[in-house]
Amino acid sequence: MSESDTSRHFLRQWIEKDVADGRTGGTVVTRFPPEPNGYIHIGHAKAVCVDFGMAELFGGECHLRLDDTNPTKESDEYAENIKKDIRWLGFRWSGAGDGTEPGFYNASNMFDTMYAIAENLIKAGQAYCCNLTQEEWKEYRGVPEKPGRPSPSRDTTPERNLQIFREMRDGKYADGEWCLRAKIDMASPNIHFRDPVLYRIRHVAHYHLGDKWCIYPMYDFAHPIEDALEGVTHSMCTLEFEVHRPLYDWVVDRLDEMGLLVVRGGVKIRPQQREFARLNITSTVMSKRLLLQLVTEGHVAGWDDPRMPTVCGMRRRGYTPGAIREFCARVGVSKVESESDPALLEWCVREELNQTAPRRMAVLDPVRVVIDNWGAEDSPNAVRTSNLNPARAVKTVELPNNPLDESAGTRQIPFGGEIWIDRADFMEVPEKKFFRMAPGQEVRLRGACIFKCTGCVKDETGRVVEIHGTWDPDSWGGNAADGRKVKGTIHWVDCATGVKAEVRLYDRLFTEKNPLKDGPSEFLKYLNPDSLQTVSAYVEPALAAAEPLARFQFERTGYFVADERDSRPGAPVFNRTVTLKDSYRPS
RNA sequence: UGCCUCGUGGUGUAAUGGUAGCACCGCAGAUUCUGAUUCUGCUUGUUGGGGUUCGAGUCCCUGCGAGGCAACCA
């Protein structure tokens, strides 16, 4: 059972009470309302889990609504990828929808209604057109500590306002020349009540509606209308909207007066907004603006760069939808602004992949090992000779695909007496507690045999280029005939049949836990120069056929995924999702 | 110095007036043909001060600290 099934956080209790009090008309309706101006990231994933999760928990519905009220930053590319990523995370929107597909809405499809509501407000004397420049308005509005003063247009007649508003709609004015404001309270301690802008002029084509409109509603006006008219009961958003809530309620009140609230099961549905803390993770940035900057300035390879905290980046990195959901459940929902440890995310993905990922052997930093006493006379079951050294016979090692899951079966791997091992698994002068390969020391070659190193060959710089040793012919399969214990087991790849593969080793994108500690303009200086290291590895033959997005555990190394874009059967490319935990501490 | 919100181990989160618990991280040990996994154990916490109460992390007052709000962004 996931944490999300048991955590009774404040939003859940809030909804429980409304259900008990009969305020939902029989159906809890939530919504996830992203603006299609970027790719969604792990922070959005938390909101997705909350919005869809609460609807699911109460047997209700969750709408996917693209909040496309500002055409200047939005695009179809973003819209389509948002839908793709939410589906990949495992969520399905439901509800009536606004015409294209069930459960799916564009805020822009409601522009006609919003416009009509705005005219109603004008007629009721609750909104007026204002032609103050932004600079002038800033001065009129005042500061939080002091009341503002009214716009000179504040008492224009409804008739005249209606005329101007229609002229705005008809394109008679330039951007910024006029706007529509609600008439509320210029002295309110809440800035958002000081005659907030409802509509502004933008002579910009909308990605969804084209040139139909040149005036666009503001978030504070549009959002409560969208919620109310979709029959949303519980509108959950992030903390910074807390001060907007009175305005949200003000708009809902107006809709109520106009008789526009949805009635369901005999109950008038008044949408309510509540706020929870957004997700932060240390050593990364989560703001769309900064992520966009990383992309446009080329610090990463794109929105789906595996170092990015975007959903598509994490997919390419090898994260699973389940691990992301589990992480979101485990960080919980509260109003406390907090910073989660990426170690928890890593734990979640290891937890899942440990159960599900097939084991393979891959040598990321290869050095050749020659077994000097290996030969045909030692291997009566030899099936063919080694490519590299025709004199050498080949045996077959059988290993389980997943020791934790017998149903995963086994695989066979050729072993020809010349193998690659990882450089880190050899020490010419071993420190104490080094259980791997070292002269005079026995080590087990995973699944194959016990090997005793006799020495190594070095080049003129002192670098080890080849290791020699002998195997114990009575240990085939890995255990000594006399029962003696071997502490260390290392992985290997057969030289003759191993496949060359590009492997990308990813690390944290930033070296600093808080990359924004010196302000958002300074975060680039904390980019981790070693966040990507590309190596040429040898992998066991079975890995050659890996399909893109296939996930594996490279034994003793980590979890890896065949790259979504660049990996092809026959020419595999792997991304490191996360390392295995490693309790070895060099002395 | 206006309004709003939030303070529980290193991190995240429970305890809804009644034994401060869980998870991650970290540290030990056991097991192990992955120094993984698994298992066991351990360290570390209620922002300060008052008050109400038989009893306060929880309610009240007051300090302190953190964050949000002054886009024709969302």
Side-chain angles (χ1 to χ4, degrees), chain A residues 3 6-10 13 33-35 37 67-70 72-74 130 132-134 137-138 141-148 175-181 188-194 196-202 215-216 218-220 222-223 237-246 275 277 279 282 288-289 327 330-348 350-351 354-355 359 361 399-400 403-404 433-436 443-448 450 477-479 485-491 553-558 579-585:
Chain A
E3 296 270 312
T6 54
S7 172
R8 294 188 65 248
H9 52 73
F10 75 105
Q13 294 182 45
E35 184 186 15
N37 67 346
D67 210 1
D68 49 1
T69 58
N70 181 359
T72 59
K73 299 181 294 180
E74 299 161 4
C130 173
L132 250 25
T133 66
Q134 284 192 54
W137 173 254
K138 191 174 174 184
R141 182 189 45 218
V143 291
E145 297 85 350
K146 289 193 186 78
D175 288 9
E177 204 172 337
W178 286 88
C179 68
L180 181 74
R181 329 195 81 100
S188 172
N190 184 340
I191 286 283
H192 300 283
F193 264 18
R194 322 246 265 228
V197 173
L198 266 25
Y199 262 94
R200 79 288 216 187
I201 301 172
R202 281 272 187 286
I215 57 171
Y216 292 92
M218 298 289 292
Y219 169 88
D220 281 324
H223 209 84
C237 62
T238 44
L239 248 30
E240 69 269 25
F241 291 102
E242 214 157 19
V243 281
H244 295 242
R245 192 154 97 205
E275 311 81 15
L279 173 67
T282 54
K288 267 192 209 173
R289 203 191 97 232
F327 172 74
R330 282 176 178 270
V331 296
V333 179
S334 77
K335 300 191 72 157
V336 186
E337 295 180 49
S338 55
E339 292 204 305
S340 291
D341 190 335
L344 180 60
L345 223 200
E346 292 171 354
W347 180 86
C348 289
R350 286 190 191 109
E351 172 78 0
N354 183 41
Q355 303 298 322
R359 271 54 170 175
M361 291 196 288
L399 279 172
L404 273 45
K433 299 253 192 128
F434 184 80
F435 306 135
R436 286 112 92 151
V443 68
R444 179 182 295 104
L445 300 175
R446 176 79 163 138
I450 293 173
N479 286 314
K485 296 289 181 203
V486 175
K487 178 74 179 169
T489 298
I490 65 173
H491 62 283
Q553 183 198 94
F554 290 178
E555 290 205 37
R556 301 210 312 131
T557 303
T579 62
L580 249 34
K581 263 184 73 173
D582 183 8
S583 63
Y584 172 62
R585 298 280 174 273

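Basis for what follows: all heavy atoms, side chains included, without hydrogens, waters or symmetry-related copies. The chains referred to below are lettered A, B, ... by the order of the sequence lines, with proteins before strands, and numbering in each begins at 1.
Residues satisfying the salt bridge (Lys or Arg N to Asp or Glu O under 4.0 Å) test with E35(A), not counting sequence neighbours, are none. Under the side-chain hydrogen bond (donor to acceptor under 3.5 Å, both in side chains) criterion, K335(A) pairs with E242(A), sequence neighbours left out. For E337(A), there are no salt bridge (Lys or Arg N to Asp or Glu O under 4.0 Å) partners two or more places apart in sequence or in a different chain. Listed by chain and number, the residues in a ring-ring contact (aromatic ring centres under 6.0 Å, His included) with F435(A) amount to none (sequence neighbours excluded). Residues satisfying the salt bridge (Lys or Arg N to Asp or Glu O under 4.0 Å) test with R436(A), not counting sequence neighbours, are D425(A). Residues passing the side-chain hydrogen bond (donor to acceptor under 3.5 Å, both in side chains) test with R245(A), sequence neighbours excluded: E275(A). With sequence neighbours excluded, the residues that form a side-chain hydrogen bond (donor to acceptor under 3.5 Å, both in side chains) with E240(A) are T238(A), R278(A). Every residue meeting the side-chain hydrogen bond (donor to acceptor under 3.5 Å, both in side chains) condition with K288(A), not counting sequence neighbours, appears here in chain and number order: N37(A). Looking at residues two or more places apart in sequence or on another chain, you find no salt bridge (Lys or Arg N to Asp or Glu O under 4.0 Å) involving R141(A).
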| request: For each nucleotide in nucleotides 65-74 of chain B, reading 5' to 3', give B when a protein heavy atom comes within less than 4.0 Å of its base, S when such contact involves only the sugar-phosphate, and - otherwise. | output: --SBSBSBBB
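Nearest heavy atoms, R350(A) versus T579(A): NE-O, 2.7 Å. Closest approach of G478(A) and R444(A) over heavy atoms only: O-NE, 2.7 Å. Nearest heavy atom pair, residue S340(A) against residue V331(A), reads OG-CG1, 3.3 Å.
Between the C1' atoms of U58(B) and G67(B), the separation comes to 23 Å (whole Å). Only the P atoms considered, G51(B) is 45 Å distant from U40(B), to the nearest whole Å. Rounded to whole Å, the C1' atom of U8(B) lies 15 Å from the corresponding atom of G65(B). One C1' atom belongs to G45(B), the other to C25(B), and the distance between them is 15 Å to the nearest Å. Nucleotides G21(B) and U1(B) place their P atoms 39 Å apart, quoted to the nearest Å. A gap of 12 Å separates the P atoms of A36(B) and A28(B), to the nearest Å.
Side-chain nitrogen and oxygen atoms of T282(A) include none within less than 4.0 Å of the OP1 or OP2 phosphate oxygen of U11(B). Side-chain nitrogen and oxygen atoms of R556(A) include at least one within less than 4.0 Å of the OP1 or OP2 phosphate oxygen of G35(B). For S334(A), a side-chain nitrogen or oxygen approaches OP1 or OP2 of U13(B) to under 4.0 Å.
Whole-Å rounding puts the R359(A) CZ to A36(B) P distance at 13 Å. The distance between atom NZ of K335(A) and atom C1' of C6(B), rounded to the nearest whole Å, is 8 Å. Following rounding to the nearest Å, H9(A) (NE2) and G12(B) (C1') show an atom-to-atom distance of 14 Å. Separating the CD atom of E555(A) from the P atom of A36(B) is a distance of 13 Å, rounded to the nearest angstrom.
As judged by a 4.0 angstrom heavy-atom cut-off over every strand, F327(A) is placed among residues making no nucleic acid contact.
Taking a pair as Watson-Crick or G-U with both hydrogen-bonding distances under 3.5 Å, the stems of three or more pairs touching RNA chain B are B:2-7 with B:64-69, B:10-13 with B:21-24, B:26-30 with B:38-42, B:47-51 with B:59-63.
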Identify each atom pair where a protein N or O and an N or O of nucleotides 25-32 of chain B are less than 3.5 Å apart, giving names and distance.
unit_1 : atom_1 : unit_2  : atom_2 : d
U32(B) : O4     : K487(A) : NZ     : 3.4

